[in-house]
Amino acid sequence: VVCTGNPQYDEAQRFKGFIGACVDTTEQKQLQQQKDNFLGIASHELKTPVTSIKAYAQVLEMMFRRDGDTKKADMLGKLDKQVNRLNNLIADLLDVTKIHTGKMQFNVTGFDFNQLVEEVIEDVQRTSFRHKIKKQLYFQGMVFGDTDRISQVITNLLTNAIKYSPDANEVIVCTEQKGAFVELCVQDFGIGISQDKKDKVFEQFYRVSGAKEHTFPGLGLGLYISCEIVKRLNGKIWVNSIEGKGSTFCFSLPLPR
Ligand code: ADP
């Protein structure tokens, strides 16, 4: 049972009583649990057929390429790309269920931060043709954390920067040490976010509404998952933005002492 309310006072500021309401949240909690169960089972069940579609598409593409049938091979290449997108959506849904049920696991090791950043940039650059990702990597050293999860956060910030700046042609990644933390920022010159929506973008399923919502594909989960990952690693994530000019998304992680 959850209660909210306000104390009441008379003219002489003497306490008169309490006015409020109490709500039994058992049913709400059960419903939330049912939704989480459904999300978990659905995304898990979607994974298997999608993995096998991907495998067949790749084999067929290879066969057509070998036979010199470029047209068919290219079509299968496109199919493979769309399957990758589907795979990423499913992975995000799975991550959300893991967060809700407290089952997101972290495999923490010490690693070379700069090397990881370079690898992720190379990966994202490979699939983005319009934008050049510029590097200003001033931090050198070891960081402790889950490399897959940290890569996921950097990838998310980079792909968002590219997605939400369709008219720009560069994105800047900057790393530096700030006191006991390492900080990574991704700056773009895109559509930006208004002040009142800035903090909401880290909430699950939140997408800045308006015409833009339909222009850019997405579920509104990437930043929510990134925020959870960074928080679990004792770091912080935030954004500075000017609507119409661009955004800078940053996160920090504690350095080993
Ligand atoms: P998605 O991109 O799938 O919608 P995210 O959780 O990654 O989900 O982002 C949530 C929302 O925050 C986006 O829908 C978009 O409105 C806004 N957003 C995220 N990154 C940027 C950016 N670099 N520039 C402008 N808006 C952004």
Side-chain angles (χ1 to χ4, degrees), residues 36 39 42-43 46 50 81-100 104 117 120-121 123-125 127-136 148-175 183-233 235-252:
D36 280 340
L39 208 63
S43 32
L46 284 167
V50 171
K81 260 198 194 149
Q82 294 304 319
V83 173
N84 284 345
R85 280 185 58 189
L86 197 53
N87 254 334
N88 289 338
L89 292 173
I90 296 168
D92 277 358
L93 288 173
L94 269 173
D95 277 348
V96 170
T97 6
K98 280 184 200 156
I99 293 168
H100 287 184
M104 185 177 259
V117 176
V120 176
I121 292 176
D123 241 27
V124 177
Q125 184 68 80
T127 53
S128 70
F129 307 102
R130 188 190 171 93
H131 295 76
K132 170 98 188 80
I133 306 172
K134 289 204 171 156
K135 295 181 273 190
Q136 294 173 0
D148 287 341
R149 290 296 181 190
I150 294 170
S151 300
Q152 188 180 351
V153 175
I154 304 170
T155 306
N156 177 230
L157 298 187
L158 265 174
T159 49
N160 274 353
I162 289 167
K163 177 162 77 169
Y164 295 103
S165 69
D167 299 326
N169 49 25
E170 77 169 28
V171 158
I172 303 168
V173 181
C174 177
T175 63
E183 218 173 89
L184 182 146
C185 292
V186 179
Q187 185 181 10
D188 70 60
F189 305 93
I191 62 169
I193 305 163
S194 64
Q195 286 305 306
D196 57 319
K197 313 240 165 70
K198 241 178 42 158
D199 297 323
K200 292 208 177 90
V201 296
F202 297 103
E203 291 170 11
Q204 56 181 329
F205 297 112
Y206 184 84
R207 309 199 70 214
V208 175
S209 61
K212 294 163 199 155
E213 190 174 13
H214 309 289
T215 319
F216 305 102
L219 288 177
L221 292 177
L223 287 176
Y224 168 69
I225 297 166
S226 295
C227 184
E228 283 296 319
I229 293 172
V230 171
K231 277 199 290 197
R232 283 278 303 273
L233 293 169
K236 285 200 174 81
I237 188 164
W238 66 94
V239 57
N240 288 315
S241 187
I242 300 175
E243 212 177 358
K245 289 246 189 284
S247 314
T248 304
F249 278 85
C250 302
F251 73 86
S252 66

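Note that ligands are numbered from 1 as they come in the structure, with each ligand's atoms numbered from 1 the same way. These numbers were taken from a predicted model, which means no experiment stands behind them. Atom set for the values below is all heavy atoms of this structure, side chains included, hydrogens, waters and symmetry mates excluded.
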Next item on the list: For S247, enumerate each residue passing the side-chain contact (heavy atoms from CB on, under 4.5 Å) test, keeping only those at least two apart in sequence or located in another chain.
Entry: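 side-chain contact (heavy atoms from CB on, under 4.5 Å) list for S247, sorted by chain: D188, I193, V239, S241, F249.
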Contact atoms of ligand 1, heavy-atom distance to [X] under 4.0 Å:
X    : value
L219 : 3 (O)
L221 : 6 (O), 8 (O)
K163 : 1 (P), 2 (O), 3 (O)
G218 : 3 (O)
G192 : 25 (C)
G220 : 1 (P), 3 (O), 4 (O), 6 (O), 8 (O)

Notebook entry, point to check: Side chain or backbone of N156 under 4.0 Å from ligand 1, or both, or neither, by non-hydrogen atoms?
Noted result: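 The side chain, only.
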Evaluate [X] for polar contact with ligand 1, using N/O atom pairs at a separation under 3.5 Å.
X    : answer
Y206 : no
G222 : yes
P217 : no
V208 : yes
L223 : yes

Next item on the list: Using non-hydrogen atoms of the residue, decide whether F202 is closer than 4.0 angstrom to ligand 1.
Entry: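 The answer is no: ligand 1 sits nowhere under 4.0 Å from a heavy atom of F202.
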Expected output: side-chain [X] to main-chain [Y] donor-acceptor under 3.5 Å:
X    : Y    : answer
R130 : D167 : yes
H131 : S165 : yes
K236 : C250 : no
E170 : K134 : no

Item checked: N156 and N160, any side-chain heavy atoms less than 4.5 Å apart ->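 Yes, side chains in contact.
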For the atom pair [atom1] ([X]) and [atom2] ([Y]), what is the distance rounded to the nearest 0.5 Å?
X    : Y    : atom1 : atom2 : value
Q204 : L221 : CD    : CG    : 7.5 Å
I229 : M104 : CD1   : CE    : 5.0 Å
S128 : K163 : OG    : NZ    : 13.5 Å

Among all protein heavy atoms, pick out the one at the shortest distance from [atom]; state its residue, atom name and that distance to 0.1 Å.
atom                    : answer
atom 21 (C) of ligand 1 : Y164 CD1, 3.4 Å
atom 7 (O) of ligand 1  : N160 ND2, 2.8 Å
atom 12 (O) of ligand 1 : V201 CG1, 3.2 Å
atom 4 (O) of ligand 1  : R207 NE, 2.5 Å

Next item on the list: Under the disulfide bond (SG atoms under 2.5 Å apart) rule, collect the residues that match up with C174, sequence neighbours excluded.
Entry: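 For C174 there are no disulfide bond (SG atoms under 2.5 Å apart) partners, ignoring immediate neighbours.
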Checklist line | Heavy-atom nearest neighbour of atom 23 (N) of ligand 1 within options V239, I193, D188 | finding: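 Closest candidate by heavy-atom distance is D188.
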Check: Within a reach of under 6.0 Å around CD1 of I242, are more than 12 heavy atoms found that belong to other residues, nucleotides or ligands?
Finding: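 No, because the 6.0 Å sphere around CD1 of I242 holds 12 heavy atoms or fewer from other groups.
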